[in-house]
Amino acid sequence: MSRIRPYRPSDRAAMYEICTRTADAGADATGILSDDSLWGDLFAVPYVERHPDLAWVVETDDERVIGYLVATDDTEAFAAWFRDEWWPALQERYPRPAEATTREERMIEHGYSQAPGRNPHAAEYPAHLHIDLLPETQGQGLGRALIETLFAELTRRGVPALHLGMDPNNTGAAAFYERLGMVPLPAEPGGQQYGVRFS
């Protein structure tokens, strides 16, 4: 029986692996990029570095980590920290592309372009999350339990609302978020955004 527990620093390698294995609209993205670590360096590990108190994992009986949820309660502050403290250490590994034409180049440019004021939903929906579950976790209510755990903590902190972005090709995820009461928000072409307010 799988269970949810708070993130531990020893889970870091699993965060990279799960992020990569779910990054292609929910499918395995291993080998799509020249460096698989880029997925985790953008969308998972900075969150546990900045907010280990807003990170939970799904663990099996044999102590394998097979899913996670990471979040920030302040998107603007997170963007400033990402720009000033997280990304500079990775710039040698991921040089800024002259033109962002490929998927990998656009992702690297995403890292360089993080800054307060760039996210159109941050003021109204200040929190955001990333959740990734390996196929073996799905259909057991674990995703819902992870998100309800986060919502309860954000509500306790007085955070009024949360948004998230996702790949519009991941139709299963979209249906999941809508079942949790999230509503579509305006998004750039090729993206999809959802938001939810806490009562």
Side-chain angles (χ1 to χ4, degrees), residues 4-24 26 29 33 35-59 65-91 93-94 107-116 118-119 121-122 125-134 137 142-157 159 161-167 170 173 176-177 180 182 191-196 198:
I4 293 169
R5 64 160 172 80
Y7 169 81
R8 300 175 191 146
S10 57
D11 300 324
R12 203 168 192 255
M15 308 295 283
Y16 278 109
E17 179 187 357
I18 295 164
C19 192
T20 300
R21 289 179 58 195
T22 57
D24 190 22
L33 307 178
D35 186 340
D36 285 338
S37 297
L38 180 57
W39 300 108
D41 283 334
L42 287 173
F43 304 121
V45 177
Y47 292 85
V48 300
E49 291 296 305
R50 170 82 171 162
H51 293 291
D53 54 324
L54 289 174
W56 294 268
V57 302
V58 177
E59 184 179 69
V65 174
I66 55 174
Y68 64 78
L69 180 147
V70 295
T72 177
D73 55 5
D74 186 336
T75 293
E76 296 286 70
F78 180 84
W81 171 86
F82 188 102
R83 176 195 63 194
D84 298 338
E85 297 186 44
W86 176 256
W87 194 246
L90 295 170
Q91 290 179 9
R93 184 171 190 166
Y94 307 118
M107 287 175 60
I108 293 171
E109 183 58 33
H110 174 77
Y112 280 95
S113 64
Q114 292 304 295
R118 290 186 55 86
N119 187 306
H121 302 300
Y125 299 86
H128 75 264
L129 70 81
H130 292 281
I131 181 171
D132 288 306
L133 300 169
L134 294 179
T137 68
L142 292 162
R144 174 181 285 274
L146 280 167
I147 286 183
E148 288 175 348
T149 300
L150 173 66
F151 285 6
E153 176 59 21
L154 293 175
T155 300
R156 187 187 71 78
R157 295 183 183 198
V159 177
L162 168 143
H163 73 277
L164 62 85
M166 56 162 285
D167 185 329
N170 192 344
F176 168 68
Y177 295 135
L180 288 167
M182 298 188 190
Q192 192 162 352
Q193 298 273 331
Y194 281 93
V196 63
F198 307 124

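Nothing here was measured: the structure is a model prediction, and the numbers come from that model. What you see below is based on every heavy atom in this structure, not just the backbone, and it leaves out hydrogens, waters and symmetry mates.
Interatomic distance, CZ of Arg93 versus CG of Asp35, reported as 4.0 Å (0.5 Å rounding). Atoms NE2 and CG, from His121 and Leu164 in turn, are 10.0 Å apart once rounded to the nearest 0.5 Å. Between the OH atom in Tyr177 and the OH atom in Tyr194 there is a gap of 9.5 Å [rounded to 0.5 Å]. Between atom CZ of residue Arg83 and atom CZ of residue Arg118 there is a gap of 11.0 Å, rounded to the nearest 0.5 Å. To the nearest 0.5 angstrom, Glu49 atom CD is 10.0 Å from Met15 atom CE. Rounded to the nearest 0.5 angstrom, Leu162 CG and Met182 CE are separated by 6.0 Å.
Among residues two or more places apart in sequence or in another chain, the ring-ring contact (aromatic ring centres under 6.0 Å, His included) test is passed with Phe176 by none. In this structure, the side-chain hydrogen bond (donor to acceptor under 3.5 Å, both in side chains) partners of Tyr125, at least two apart in sequence or on a different chain, are Arg197. With sequence neighbours left out, Arg21 forms a salt bridge (Lys or Arg N to Asp or Glu O under 4.0 Å) with Glu17. In this structure Glu76 satisfies the salt bridge (Lys or Arg N to Asp or Glu O under 4.0 Å) test with no other residue, sequence neighbours excluded. For Asp24, the salt bridge (Lys or Arg N to Asp or Glu O under 4.0 Å) criterion is met by Arg103, not counting sequence neighbours. Residues satisfying the side-chain hydrogen bond (donor to acceptor under 3.5 Å, both in side chains) criterion with Asn119, sequence neighbours excluded, are His163. Residues passing the salt bridge (Lys or Arg N to Asp or Glu O under 4.0 Å) test with Asp53 are Arg157, sequence neighbours excluded. By the side-chain hydrogen bond (donor to acceptor under 3.5 Å, both in side chains) test, Ser113 is found to be paired with no residue, residues two or more places apart in sequence or in another chain being considered. Residues satisfying the ring-ring contact (aromatic ring centres under 6.0 Å, His included) test with Tyr7, not counting sequence neighbours, are none. For Tyr94, the side-chain hydrogen bond (donor to acceptor under 3.5 Å, both in side chains) partners are Asp41, not counting sequence neighbours.
In terms of heavy atoms, Ala80 sits closest to Pro116 at CB-CG, 3.7 Å. What you find for Ala55 and Val70 is that their closest heavy atoms are CB-CG1, 4.1 Å. Taking both residues in full, the closest heavy atoms of Phe82 and Pro88 are given as O-CD, 3.9 Å, listed atom of the first, atom of the second, then distance.
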Side-chain donor-acceptor distances from residues 143-150 under 3.5 Å, at least two apart:
residue : atom : partner : partner atom : Å
Arg144  : NH1  : Glu148  : OE2          : 3.4
Thr149  : OG1  : Ala145  : O            : 2.7

N/O donor-acceptor pairs under 3.5 Å from side chains in residues 126-134, not counting sequence neighbours:
residue : atom : partner : partner atom : Å
His128  : ND1  : Thr75   : OG1          : 2.7
His128  : NE2  : Tyr47   : OH           : 2.6
His130  : NE2  : Tyr47   : OH           : 3.2
Asp132  : OD1  : Thr22   : OG1          : 3.1
Asp132  : OD2  : Tyr68   : OH           : 2.6

Query - Test log, rule side chain to side chain contact (heavy atoms under 4.5 Å, CB included), inputs Asp73 and Leu54 - result: CA-CA 8 Å; Asp73 55 5; Leu54 289 174; 4.0 Å; yes
Report task. Could you walk me through whether Trp39 and Tyr16 pass side chain to side chain contact (heavy atoms under 4.5 Å, CB included), step by step? Result -> CA-CA 7 Å; Trp39 300 108; Tyr16 278 109; over 6 Å; no
**Report entry** Stepwise side chain to side chain contact (heavy atoms under 4.5 Å, CB included) test for His110 and Phe43
**Finding:** CA-CA 11 Å; His110 174 77; Phe43 304 121; 3.9 Å; yes
Query - Verdict with reasoning, Val65 to Ile18, per side chain to side chain contact (heavy atoms under 4.5 Å, CB included) - result: CA-CA 9 Å; Val65 174; Ile18 295 164; 3.8 Å; yes
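Side-chain atoms of Asp74 come within 3.5 Å of backbone N or O of Ala77 as a donor-acceptor pair. With hydrogens and angles ignored, the 3.5 Å screen pairs no side-chain donor or acceptor of Asp84 with any backbone N or O of Trp81.
Trp87 is not listed as a side-chain neighbour of Pro46, based on a closest heavy-atom distance of 4.5 Å or more. Using a 4.5 Å heavy-atom threshold, the side chains of Met166 and Gln193 count as separate. Side-chain contact between Gln114 and Trp86: absent, with no pair of heavy atoms (C-beta onward) separated by less than 4.5 Å.
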